[in-house]
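Quick notes on the structure that follows.
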Amino acid sequence: MVLYLTFKKEALIVSQEIITDVNRVADLMPTWMGKDFAFDLETTGISWVTDSILGIALSIEGERQYYVVHRHNVEQSDDTLVDTTFIPKLTLRHLFLGLFSQSDVKMIAHNSKFDMHFLLRELGIHVQGMLFDTLLASKIIDENKENGLKDLVELYASKIDMDAYAKYQDLPTYKGYKKTEFIGTPLEPAADYAMKDAEATYKLEKFFAKQLADKGLQEAYYDLWQPMIFVLFEMETKGIALNIKMVHDLMEKYQVIEQNAALEVRKAGMEMLLTTYKRLEDIPHLYWSMYRGVMPPFEDEHGPYVMEDGFRVPLMRPTERSAYRVLTFNPGSSAQLNDLVFKQTNIKLPPLVRLKTNKAGQYAVDKDNIETLLYYAGEDRPRILSEILTWKKASKFISTYLKRFIKDADPNNFYSIYTSFNQDGTNTGRLSSSGPNLQNIPSRGDVGQEARQVFIARPQHKLVVGDYSQMELRVMAHYSKDEQLLAAFAENKDLHILTGSAFAQMEYEDLLALYKSGDPRGKELRQLGKTGNFALMYGMGARKFQRYLLVNNGYEITVEEAQQWIDAFNAMYAGATAWKERVRTFILKNGYVKTISGRYRNLPDAFHRERWIRDTAVRQGINAVIQGSCGDIICSAMIGLQPALKALGGSILLQVHDELVTEVPEEQAQVAVVLMDTFMNSYGLVNKLSLPLVAEASVGDSWHDAKG
DNA sequence: GAGTATCGCGCT
DNA sequence: AAAGCGCGATACTC
């Protein structure tokens, strides 16, 4: 089946061809070589780990488009569909290996890393050479714009000489297929869509390349973001190994904890309902769920019921004919928990302490509020509050982490899990991680220790973990030239003690001595300083700071006192305070800031008529300079580090904003430590700073060990 | 049943 | 009225 479509669009000839025949590809291939092209893979879904290729769309110089079909549904005469393979994978590999190995042509794609995964995993083709990614370019040109391909075509239609075309969701689908399944769309519209994507991608590159030059973003794009694609691609492909036995053990342990806590909470919840409401009919609909037990249920003089964990749980029927419903208290429901926590317990809080409220105006039933209640409950603190906290912690650990690990671990690669590191996930230029997110693995407390012990080096390997210390404060010192900060870093002072001394109106040396003497007050003040550094760097307000100290440090002060502490902080770091003022003025005048790589953070809200929206924009801008520059710096280090580690037989596995987790053959561990030191502390963008950064690397068999 | 909004919580 | 994320569960809508 060969289909030619050629039509005129203004003066431009657009040609499309669906190719299902091996020989046709072989004939055309020589005409494709040596020319810039855009490519776009169509796949069964959006997971590069589990989904597979359906076809390859190409745009040769934006003029001729092809859709090379690997697999698609074919309609039979009896209207049934047959999933048909046209050009087999092995053939595709032979046909396309040369094309993707060219070093002298531009290969353009939208979110190229995604396509590269399929090309490698399914066709064994390692994309090398001059890659241009229109998603990244769009993001770097304007981080506030939508950067989906269709959004961009709509946005820039006139610039790239293309009309908007049907969105994916608007394509026709065969019966029984979801809108998200490419194979569920008839071949012609599907291929047309794919080829337009490729064509648009090709044309966008021309426009974006010029934009990058015009806006002075070439360095940021070509030297930082584009090379990062290859670094991240290798990290993602490698994955990180799990101690799967330990995951299962933890699962068992925490399931017991969760179940025990759930039972207590459910009991307390039921009791609350039955005492609050005299009649079952008055208990809100929220608490009645479908009864799925044996029929008919028990019945006594109070009505139908069921026994659960040795307790009588009532059933009811809204009408005589409707199904039984069973009274349920679900600790995972914030609405239900709210009733239990705030109607049942009667804890008096000091007037200066305010609980957090949610959007609906209700008191939130989150960890912070419950801890605050517990703190003020005095002697007879309701045991149920701590049970709720126990349940929350255990269920979070199980559902978000343990379950996911068991589901995703790859038995063919030492039970590794694969994540995606996204370069377009943030507006500041940090990376984000998804599917699963490996940047929010617990790190504190028992759960943190257990969670990170699960991440291990493969056999005969070691994990080498490098960590910048005080990265954001150091970058702040660079930008602000704050004397206190610069001196403190130069003299290797303890920043938390320094800030703590400002709060306590003490001399640095005195607090240091107190801390070193082991006096609990020294420790407490250092902890306070630590909280302060974290909270105040970007200008947390007095209210929030007060709450924050209460929750984090159990420190009870008035809003006025909180304000005094903030003033003390701002006075101590006067240079930083002045710098923030200068940035504020700049943002309100210009509506943007730049990071150390020259990347922009645009803040249109700086011109908003409402004061607090402008203030938010200013805080975001100050944050973006610091956070974004940190992001740039660690990426720059990774670009140097990655090939160096590779030469040792190692690789970078994870990046967690100021931390790199790497893996090397065990005999190379000490060499890797030196490499990490070299690249994190003195390679690339870090050299632009007026003070050194300090990153230290250490070796271990697990993520936890290597940091301990 | 699928999709969406909200809440809540893990990380730096 | 710190910033920046991703994700899971529930409640609700279509």
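Letters A, B, ... mirror the listed sequences (proteins, then strands); counts begin at 1.
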Practice item. Look at all strands and tell whether A:Arg601 reaches a base, only sugar-phosphate, or nothing, counting heavy atoms closer than 4.0 Å. Key: sugar-phosphate

Check your understanding: Does A:Asn440 make a side-chain donor-acceptor contact with the base of B:dG10, cut-off 3.5 Å?
Key -> yes

Check your understanding: Take atom OH in A:Tyr363; do more than 12 heavy atoms of anything else shown fall under 6.0 Å from it?
Key -> no

Practice item. Mind checking which stems touch DNA chain B? I mean at least 3 consecutive Watson-Crick or G-U pairs, both distances under 3.5 Å. Key: B:1-12 with C:3-14

Check your understanding: Checking only heavy atoms, does the side chain of A:Arg543 share a donor-acceptor pair with the base of C:dA1 at less than 3.5 Å?
Key -> no

**Study point:** Members of residues 622-630 of chain A that approach DNA chain C, where some heavy atom sits under 4.0 Å away
**Key:** A:Asn623, A:Gln627

Exercise for review: Look at all strands and tell whether A:Gly435 reaches a base, only sugar-phosphate, or nothing, counting heavy atoms closer than 4.0 Å.
Suggested key: sugar-phosphate

Practice item. Give a yes-or-no answer on whether the side chains of A:Ser629 and A:Tyr479 include a donor-acceptor pair shorter than 3.5 Å. Key: yes

Check your understanding: When we call it a touch if two heavy atoms are under 4.0 Å apart, what does A:Phe534 touch: a base, just sugar-phosphate, or nothing?
Key -> base

Review point. With a non-hydrogen cut-off below 4.0 angstrom, is A:Ala364 in contact with a base, only sugar-phosphate, or nothing?
Key: sugar-phosphate

Review point. Which is true for A:Asp366 with a 4.0 Å heavy-atom rule: it touches a base, it touches only sugar-phosphate, or it touches nothing?
Key: sugar-phosphate

Exercise for review: May I ask you to check whether A:Phe405 and A:Phe455 place their ring centers less than 6.0 Å from one another?
Suggested key: yes

Review point. When all nucleic acid strands are considered with a 4.0 Å heavy-atom cut-off, which category describes A:Arg611: base, sugar-phosphate, or nothing?
Key: nothing

Review point. Contact class for A:Val365 (heavy atom, under 4.0 Å): base, sugar-phosphate, or nothing?
Key: sugar-phosphate

Exercise for review: Tell me what A:Ser395 touches on the nucleic acid: a base, only sugar-phosphate, or nothing, going by heavy atoms under 4.0 Å.
Suggested key: nothing

**Study point:** Base of B:dC9 paired with side chain of A:Lys396 (donor-acceptor, under 3.5 Å)
**Key:** yes

Review point. Counting side-chain heavy atoms from C-beta on, which of B:dT12, B:dG10, C:dC5 comes nearest to A:Asn427?
Key: C:dC5

Check your understanding: What nucleic acid atoms does A:Gln336 come within less than 4.0 Å of, heavy atoms only: base, sugar-phosphate, or nothing?
Key -> sugar-phosphate

**Study point:** Side-chain N,O (A:Arg444) to OP1/OP2 (B:dC11) below 4.0 Å
**Key:** yes

